[in-house]
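Residue indices begin at 1 and follow the sequence shown.
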Amino acid sequence: MEHRLTTPCTREALAALRAGDTVLLSGAIYTARDAAHKRMMECLDKGEPLPFPLEGSAVYYVGPTPEQPGQVIGSAGPTTSGRMDPYSPRLIALGQRVMIGKGARDKAVKEALQKEGGVYLAALGGAGALMAACVKELEVIAWPDLGCEAVRRLAVEDMPLTVVLDPAGGDLYESGPAAYLAAR
């Protein structure tokens, strides 16, 4: 099934999503990788505000390449999401609803998403140009010293994504192979 979503995302908007569904995501999303997540945790530990509102937010695990003349962003393919697993349950509990990346997530992340009604969406690995084509605006909003890992606000339109972990506990990385084997 295909769904159109616009950020910020509510629990209600995400409730119908199931592992394997396609999502066309539009609105503001934020980029953050390992170094940015570490700094976000430091901010939270100090009681300082984060560089973007977490409630209903979508975070894309990407470190884009520099843009060429006439481009908004360079190649913007996903990075491996598991590196953010130590930080994700805390952010989900504080209102983050959507994570975008590639690869499996740990049990704590799955449980947090199910408890809080969030989703984990996969972007096509190796298709950084396709992901970049969906970006209409880009603004570095925090930690420019991190280079490609700085936090950016991206305005995206119809970014094609696949639901991997859904609010009901579905996991495409488990159900997909099982369905394939059952059909053989």
Side-chain angles (χ1 to χ4, degrees), residues 3 5 7-9 14 17-41 50-52 54 56-65 73-114 116-135 138 142-143 146-156 158-167 169-177:
H3 303 268
L5 290 176
T7 62
C9 296
L14 301 175
L17 300 181
R18 291 298 171 259
D21 287 352
T22 297
V23 169
L24 296 174
L25 184 65
S26 297
I29 65 173
Y30 301 93
T31 68
R33 284 180 42 165
D34 318 41
H37 274 75
K38 183 177 180 194
R39 288 201 185 165
M40 288 192 293
M41 294 302 114
L50 294 180
F52 59 90
L54 274 181
S57 67
V59 176
Y60 185 21
Y61 306 143
V62 62
T65 63
I73 193 171
S75 181
T79 196
T80 303
S81 303
R83 294 195 309 267
M84 275 50 79
D85 284 356
Y87 315 111
S88 294
R90 185 175 185 186
L91 297 173
I92 294 165
L94 292 172
Q96 182 183 346
R97 291 289 169 258
V98 178
M99 296 174 292
I100 305 164
K102 67 177 182 181
R105 306 306 299 271
D106 71 16
K107 183 179 178 184
V109 172
K110 293 177 187 181
E111 289 173 352
L113 287 171
Q114 194 170 1
E116 301 296 337
V119 295
Y120 170 51
L121 305 174
L124 291 170
L130 171 65
M131 297 295 107
C134 300
V135 179
L138 175 151
W143 308 311
L146 295 179
C148 72
E149 291 198 43
V151 175
R152 292 167 171 77
R153 181 191 166 278
L154 306 179
V156 300
D158 291 339
M159 180 177 268
L161 304 162
T162 301
V163 179
V164 174
L165 300 176
D166 68 38
D171 182 343
L172 185 61
Y173 291 144
E174 292 175 2
S175 62

When rounded to the nearest 0.5 angstrom, what distance separates CE in M41 from CZ in R90? 5.5 Å

Side-chain donor-acceptor pairs of residues 118-128 under 3.5 Å, sequence neighbours excluded:
{"from": "Y120", "atom 1": "OH", "to": "S81", "atom 2": "OG", "distance (Å)": "2.8"}
{"from": "Y120", "atom 1": "OH", "to": "K102", "atom 2": "N", "distance (Å)": "3.2"}
{"from": "Y120", "atom 1": "OH", "to": "K102", "atom 2": "O", "distance (Å)": "3.2"}
{"from": "Y120", "atom 1": "OH", "to": "G103", "atom 2": "N", "distance (Å)": "3.4"}
{"from": "Y120", "atom 1": "OH", "to": "G103", "atom 2": "O", "distance (Å)": "2.7"}

Any chance you could lay out the side-chain contact (heavy atoms from CB on, under 4.5 Å) test for R152 and V62, step after step, and finish with the verdict? CA-CA 10 Å; R152 292 167 171 77; V62 62; over 6 Å; no

Roughly how far, to the nearest 0.5 Å, is CE of M40 from CG of L91? 5.0 Å

Side chains of P89 and V109: does their closest heavy-atom pair fall under 4.5 Å? yes

Tell me, which pairs form a ring pair (Phe, Tyr, Trp, His ring centres under 6.0 Å) where one or both residues lie in residues 73-107, sequence neighbours left out? H37-Y87

Counting distance only, does the side-chain N/O of T31 pair as donor-acceptor with the main-chain N or O of A150 below 3.5 Å? yes

Checking L14 against R97 for the side-chain contact (heavy atoms from CB on, under 4.5 Å) test, could you report, in this order, the C-alpha distance in whole Å, the side-chain angles of both residues, the deciding distance, and whether it holds? CA-CA 8 Å; L14 301 175; R97 291 289 169 258; 3.7 Å; yes

Closest heavy-atom pair and its distance - A36, W143: O-CZ3, 3.8 Å

Taking side chain as C-beta onward, heavy atoms only, is H3 less than 4.5 Å from V163? no

Evaluate the side-chain contact (heavy atoms from CB on, under 4.5 Å) criterion for residues R105 and D85: first the C-alpha distance (whole Å), next the side-chain angles of each, then the deciding distance (0.1 Å), finally the verdict. CA-CA 7 Å; R105 306 306 299 271; D85 284 356; 2.6 Å; yes

Kindly compute the distance separating CG (D34) from CZ (R83), expressed to the nearest 0.5 Å. 4.0 Å

Within this structure, what is the CZ-CG distance for the pair R18 and L165, rounded to the nearest 0.5 Å? 12.5 Å

How many angstroms lie between atom NZ of K110 and atom CD1 of I92, to the nearest 0.5 angstrom? 12.5 Å

Looking at D158, is its backbone amide N or carbonyl O close enough to the side chain of S26 to form a donor-acceptor pair, meaning the two atoms are under 3.5 Å apart? yes

Reported CG-to-CG distance for the pair L17 and L5, which is rounded to 0.5 angstrom: 5.5 Å

Can you tell if the side chain of I73 reaches within under 4.5 Å of the side chain of L154, non-hydrogen atoms only? yes

Does Q96 use its side chain to pair, donor to acceptor, with the backbone of V98 at less than 3.5 Å? yes

Taking every heavy atom of A129 against every heavy atom of S75, the minimum-distance pair comes out as N-OG, 4.0 Å

On a heavy-atom basis, the closest approach of L172 and P177 is O-CD, 3.6 Å

Nearest atoms (heavy-atom pairs only) where Y61 meets S88: OH-OG, 3.4 Å

Considering residues at least two apart in sequence or located in another chain, which fulfil the ring-ring contact (aromatic ring centres under 6.0 Å, His included) criterion with Y30? F52

Can you give me the closest heavy-atom contact between A19 and G170, atom names plus distance? CB-C, 3.9 Å

Closest contact, heavy atoms only, P51 versus A142: CB-CB, 3.4 Å

Worked check of side-chain contact (heavy atoms from CB on, under 4.5 Å) between M99 and V59: CA-CA 5 Å; M99 296 174 292; V59 176; 5.5 Å; no

